[in-house]
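Naming: A, B, ... by sequence-line order, numbering from 1 per chain.
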Protein chains: 2
Amino acid sequence: MTLKILVVDDQALVRRGFAMVLGNETDIEVVAEAGTGLEAIQAAHQHQPDIILMDIRMPELDGLEATARILETQRESTRIIILTTFDPDEYIYRALRAGASGFVLKDIPPESLVAAVRTVADGGAMLDPTVTRRLIGRFAGKLGAAQNYASRIDRLTDREREVLQSLADGKSNQEIADALFIGAATVKSHVSSILSKLELRDRAQAVVLAYESGLARVGERDVEF
Amino acid sequence: MTLKILVVDDQALVRRGFAMVLGNETDIEVVAEAGTGLEAIQAAHQHQPDIILMDIRMPELDGLEATARILETQRESTRIIILTTFDPDEYIYRALRAGASGFVLKDIPPESLVAAVRTVADGGAMLDPTVTRRLIGRFAGKLGAAQNYASRIDRLTDREREVLQSLADGKSNQEIADALFIGAATVKSHVSSILSKLELRDRAQAVVLAYESGLARVGERDVEF
DNA sequence: ATCGCACTCCCCCAAAAGGTGGAGATCAAG
DNA sequence: CTTGATCTCCACCTTTTGGGGGAGTGCGAT
């Protein structure tokens, strides 16, 4: 199956350049090009590309806004790689929030661009190394505070951690009991112990801490409520 | 200037493999190998490598702990790339927190490994695409399911959303009342209304939904408990 | 063998949370 | 001006939660 690509950039020359690089691959086809954000949205709906290479600075509607709008309606089928000339700083966070799967500089070597497209098509994400570092730094920094909790969590027993996991699912004591095949009284014991060890007041705080510490992660939960 | 590399893995065969791949490059030199975490720490101090390729599962001291210890004393001069066989899931956060600059799977193509080493040496960071995606997801607080909840959330009134925010801080009804300058009874009303509108059972579930929907995001909270 | 620990479960009690069914006030829109 | 929505609060009631005691089992370390 060939990958359908949409190339979006306000400079025709740049579009052609990327299109040529990608067109050399047998399993990649550039199905459309767009020169503005609005055109991009239009083209995305019309051609349903697998991957969109999106410039940021464009007339009418910038690439990040276009990214957000496109992903609103076709998040499942289309992934977007943001291309920028340099200075990712101000844009990366907006880009990632908008739902971009990649963020690379335009001076990327052609073969790397191809690799990035394939990676993203495979469900991965590809960021420029400096962006990656920034993201890690931000991530690690944010965890500065939560690290206290992460270390406190280590003091929990295995069973207690299991119970905390269940708490982070929004389960009641009885539901946890059923899930772990133990009595409700036992769950109460564990919960009490957890709250005490982590210096928390109630299960709601336990849920917060589970997320902040990384024990629970967004999107990994089977939230059936 | 040639890059000095330390290869750490408990399997000698794996070490030799990586060493050979890297040794082919004229500007890369494998200055030492280690088979355990403790050996790694020792070798890192002795050889002051620019880059360490570090396995996770090892006897004596695992790679993540070794990473943390090494970076404690030579964070400026040495960068570490974590290598794992698969299932990055459980390790990535610990790895990034420990200060790793890279996290790649062992089945990485040789030329990509070389590229990763150069990237990290240049001050960038290199993560496996699935890891990158996870990190983005975590940062952006958005993931597939989030949309369902997000839509339910906008049925809430402004005040209710405020209260939900407070719930996601782990606050009790009284604390929310104090924070919003209203009575505890009023908070109860709002909470009831929230639970009813979102079809939740208790505040713990509300916290979960706040995170899963992106209304609350890891690291944005002033967790003072 | 004894100690500590984790895990299991029990009882009792108080506090918090949640449900129901109100009420008054405001304010924007029809 | 009436309607509907929102925000504020109340009273009454039931359920859940959380704390404070135990207590018995098994298991691994000393």
request  = Rounded off to whole Å, could you give me the CZ-to-C1' distance for the R201(A) and dT17(D) pair?
outcome  = 13 Å

note = Here the distance between atom C1' of dC9(D) and atom CZ of R159(B), to the nearest Å, is 13 Å

task = Sort out for me which residue in H190(B), K188(B), R203(B) forms a side-chain hydrogen bond (donor to acceptor under 3.5 Å, both in side chains) with N173(B).
result = R203(B)

key: Spacing of I82(B) atom CD1 and S101(B) atom OG [to the nearest 0.5 Å]   = 9.5 Å

task = Specify the separation, in whole Å, of atom CG of D202(A) and atom C1' of dT16(D).
result = 12 Å

ask   = Do the side chain of S189(B) and the base of dC9(D) come within less than 3.5 angstrom through a donor-acceptor pair of N or O atoms?
value = yes

ask   = Rounding to a whole Å, what distance do you find between K197(A):NZ and dG18(D):P?
value = 17 Å

task = Take atom CZ of R161(A) and atom C1' of dC7(C), then tell me their distance rounded to the nearest Å.
result = 15 Å

message = I need the CG-C1' distance between N173(A) and dG18(C), as an integer number of Å.
response = 15 Å

query = Does any N or O in the side chain of R15(B) come within less than 3.5 Å of the main-chain N or O of D9(B), such that one atom is a donor and the other an acceptor?
reply = yes

key: Selected nucleotide, minimal atom distance to L195(A) side chain, candidates dG19(D), dC7(C), dG18(C)   = dG19(D)

query = NA contact type, T186(B), heavy-atom cut-off 4.0 Å: base, sugar-phosphate, or nothing?
reply = base

task = To the nearest 0.5 angstrom, please state how far the CZ atom of R155(A) sits from the CZ atom of R161(A).
result = 12.0 Å

query = Does E160(B) or A185(B) map to a spot on DNA chain D nearer the 5' end, using the closest nucleotide for each?
reply = E160(B)

query = Which of these nucleotides, dG19(D), dC9(D), dC7(C), is closest to any side-chain atom of H190(A)?
reply = dC7(C)

Gap separating the CE atom of M58(A) from the CG atom of L38(A), nearest 0.5 angstrom = 9.0 Å

key: Separation of atom CD1 in I182(B) from atom P in dC10(D), rounded to whole Å   = 11 Å

message = How many whole angstroms separate atom NZ of K188(A) from atom C1' of dA15(C)?
response = 12 Å

query = Should T157(B) be listed as having a side-chain N or O under 4.0 Å from OP1 or OP2 of dC7(D)?
reply = yes

